[in-house]
Asks: 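Pasting a structure here, questions to come.
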There are 2 protein chains.
Amino acid sequence: MTREAVVDAALDLLAEGGLEAVSFRRVAARLGVSGPTLYWHVENKRQLMDLMAEELLRRTGRVYAGPEEGQPWWEWLREDARRTFTALVATRDAPRVVAGNRPSPESFAGIERVLGVLVAAGLRPGEAQQALFALGSYVIGSAVEWQAEADRGRSQPPAPGGEDPAARRACALAGQPLLLAAITELVRHPHGAAFEFGLDLLVEGLRARYAGEA
Amino acid sequence: MTREAVVDAALDLLAEGGLEAVSFRRVAARLGVSGPTLYWHVENKRQLMDLMAEELLRRTGRVYAGPEEGQPWWEWLREDARRTFTALVATRDAPRVVAGNRPSPESFAGIERVLGVLVAAGLRPGEAQQALFALGSYVIGSAVEWQAEADRGRSQPPAPGGEDPAARRACALAGQPLLLAAITELVRHPHGAAFEFGLDLLVEGLRARYAGEA
DNA sequence: CTTGACACCCTAACGGTGTGAGAGGACGGT
DNA sequence: ACCGTCCTCTCACACCGTTAGGGTGTCAAG
């Protein structure tokens with residue numbers, strides 16, 4: 001009955017039933033423990049959420065680990081963002097849990113390492129931090145938006161216009177030809193294409209701005 | 001006692017006490033009405049949140065209005081994102097309310113107009129939509145992150161290290177010299193600088209990619 | 001003038017939530 | 001044998017979203 005076990009149980013509940021399924025009583029029940037007992041291991045619900053966010057980020061696979069041998073820093077930034085995004089989108093409501101959680105003191109060392117890489121590439125420390133902030137904001141913003149759309153699709157599938165999805169879209173978007181064209185164009189792409197588009201803008205912008213100074 | 005009044009009261013409560021201060025009973029009390037009465041005007045709490053998000057976006061000042069005469073599309077994109085960001089950051093918890101709300105059907109017309117502008121600039125409809133998605137995700141992601149930090153500063157000001165903020169930072173970040181350098185560098189900038197950095201990357205990336213084809 | 005329909009509001013209540021207070025059991029050191 | 005510390009319990013509070021059902025008022029039709 002450690003604090004880790006509590007966080008694990010909470011994350012299990014999150015994966016199964018979404019954010020609203022995570023309650024103190026339910027987490028306790030899953031551990032064979034009754035309600036307020038959790039207050040011995042965890043200070044707050046807020047703190048539990050923070051711990052969950054931290055653990056979720058840790059499970060995305062060695063975030064802030066640093067680039068591999070011979071890998072350009074921009075490629076590494078891109079891949080790290082991509083991995084975080086897919087991991088967040090994979091488990092239900094994970095983006096909403098992670099959103100707005102400042103890295104814990106123990107993550108500072110990792111951030112420090114990444115800043116080191118970027119500073120070695122020619123960025124000033126402030127620029128490096130801004131770049132990290134921009135990438136992080138974009139990743140979690142995209143993940144939140146993405147999951148919200150997934151939830152919507154799960155709750156209101158009864159749309160008029162028949163069974164064919166294309167026909168339904170055409171019916172719903174009558175009068176907005178460009179939106180219709182955009183969506184039918186995007187439907188052919190893999191699911192993460194919209195995310196990749198902005199990611200490419202950010203990373204390539206960084207590369208164009210700072211590459212070659214290392 | 002219209003639905004608009006309910007949403008207005010809810011937004012007042014949000015501005016005063018944050019998201020957790022917005023409850024059906026409190027909104028009703030502010031309107032001189034008792035609890036479940038709201039169910040006559042509003043279907044759900046979820047729907048109330050959606051309406052609040054919609055109204056919040058509307059109050060950012062004519063979003064999706066279209067560029068002004070002689071204004072390049074990229075400048076207009078940038079300014080629109082900036083206005084939305086500052087408006088969201090201005091009222092407490094507004095980012096969390098807005099995050100993950102798909103534009104209502106009535107906003108489709110506005111989106112259609114923006115897509116028209118971008119398509120006229122040479123983007124394909126799918127690209128235009130991806131650009132809008134990227135900008136929107138970045139804006140709300142930044143706003144959420146930003147406000148979360150503001151909340152944190154409000155809740156845990158008792159930090160060790162004395163009164164001087166700089167000394168406190170130096171104490172807290174001992175061992176992370178680059179982070180310390182980054183923060184002391186950023187403290188001199190206006191508060192929106194970190195947001196502006198990523199916004200510039202996105203907008204300039206779009207401009208470099210598609211300008212001149214119009 | 002009466003009657004009925006409808007819009008709007010009420011109270012009572014249910015099950016759930018986060019959280020606090022205090023009691024009690026297990027266990028190791030003195 | 002006693003104490004203190006860890007851990008869990010029960011009980012209780014105040015609040016939450018939501019449902020059910022019973023009222024008022026206004027207003028049109030008979």
Side-chain angles (χ1 to χ4, degrees), chain A residues 1-56 92-93 96-101 148 151-152 154-156, chain B residues 1-55 92-93 96-101 148 151-152 154-156 158:
Chain A
M1 263 272 46
T2 121
R3 171 182 284 193
E4 268 189 26
V6 174
V7 174
D8 278 7
L11 286 180
D12 286 358
L13 245 41
L14 180 78
E16 293 171 13
L19 190 56
E20 67 191 20
V22 178
S23 81
F24 263 52
R25 285 164 163 85
R26 261 201 277 258
V27 171
R30 167 163 298 233
L31 294 170
V33 159
S34 246
T37 299
L38 294 192
Y39 276 85
W40 183 258
H41 307 275
V42 164
E43 201 171 305
N44 244 338
K45 177 145 197 194
R46 167 78 200 216
Q47 194 199 35
L48 178 82
M49 289 301 190
D50 288 358
L51 294 171
M52 288 169 67
E54 204 174 322
E55 179 64 19
L56 276 175
R92 188 168 166 189
D93 279 339
R96 278 205 308 205
V97 172
V98 156
N101 270 94
D151 281 8
R152 235 172 335 248
R154 197 180 307 135
S155 68
Q156 45 172 262
Chain B
M1 264 273 44
T2 117
R3 168 181 288 194
E4 267 190 27
V6 174
V7 174
D8 278 8
L11 287 179
D12 286 358
L13 245 42
L14 180 78
E16 291 170 13
L19 190 56
E20 68 191 19
V22 178
S23 80
F24 264 52
R25 286 167 163 87
R26 262 201 276 259
V27 171
R30 167 163 296 233
L31 294 169
V33 158
S34 247
T37 298
L38 293 192
Y39 277 84
W40 182 259
H41 306 276
V42 164
E43 200 171 307
N44 244 339
K45 178 149 197 191
R46 167 78 201 214
Q47 194 199 33
L48 197 160
M49 289 301 190
D50 288 359
L51 294 170
M52 287 168 69
E54 204 173 324
E55 180 64 19
R92 188 169 166 190
D93 278 339
R96 279 206 307 203
V97 172
V98 156
N101 269 94
D151 281 9
R152 230 167 343 243
R154 197 179 307 135
S155 68
Q156 45 171 259

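Sequence lines set the chain letters: A, B, ... in the order given, protein chains first and strands last, and positions in each chain run from 1. Only heavy atoms go into these numbers, but all of them, side chains included; no hydrogens, no water, no symmetry mates.
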Asks: Of all nucleotides in DNA chain C that come within under 4.0 Å of a heavy atom of chain A, which is furthest toward the 5' end and which toward the 3' end?
Replies: C:dT17 to C:dG20

Asks: Could you work out, with salt bridge (Lys or Arg N to Asp or Glu O under 4.0 Å) as the rule, every residue matching B:E4, not counting sequence neighbours?
Replies: none

Asks: Are A:E54 and A:D50 side-chain neighbours, meaning at least one heavy-atom pair lies under 4.5 Å?
Replies: no

Asks: Reading DNA chain D in the 5' to 3' direction, which nucleotide is the first one with an atom under 4.0 Å from a heavy atom of chain A, and which is the last?
Replies: D:dC6 to D:dA12

Asks: Let me have the donor-acceptor pairs involving side chains of residues 7-33 of chain B, under 3.5 Å, with sequence neighbours excluded, atom names and distances please.
Replies:
unit_1	atom_1	unit_2	atom_2	d
B:D8	OD1	B:R59	NH2	3.1
B:E16	OE1	B:R30	NH2	3.0
B:E16	OE2	B:R30	NH1	3.3
B:E16	OE2	B:R30	NH2	3.2
B:S23	OG	B:R26	N	3.2
B:R26	NE	B:A21	O	3.0

Asks: Please, which pairs that meet salt bridge (charged side-chain N to carboxylate O under 4.0 Å, His left out) have at least one residue in residues 32-44 of chain A, sequence neighbours excluded?
Replies: none

Asks: Can you list, in residue-number order, the parts of residues 30-49 of chain B that come under 4.0 Å of DNA chain C, counting heavy atoms only?
Replies: B:G32, B:V33, B:S34, B:P36, B:T37, B:W40, B:H41

Asks: Side-chain contact, heavy-atom cut-off 4.5 Å: A:M49 with A:N101?
Replies: no

Asks: Could you measure the distance from the CZ atom of B:R96 to the CG atom of B:D151? Nearest 0.5 Å is fine.
Replies: 6.5 Å

Asks: Under the side-chain contact (heavy atoms from CB on, under 4.5 Å) criterion, do A:R3 and A:L51 qualify, and how do the steps go?
Replies: CA-CA 9 Å; A:R3 171 182 284 193; A:L51 294 171; 3.8 Å; yes

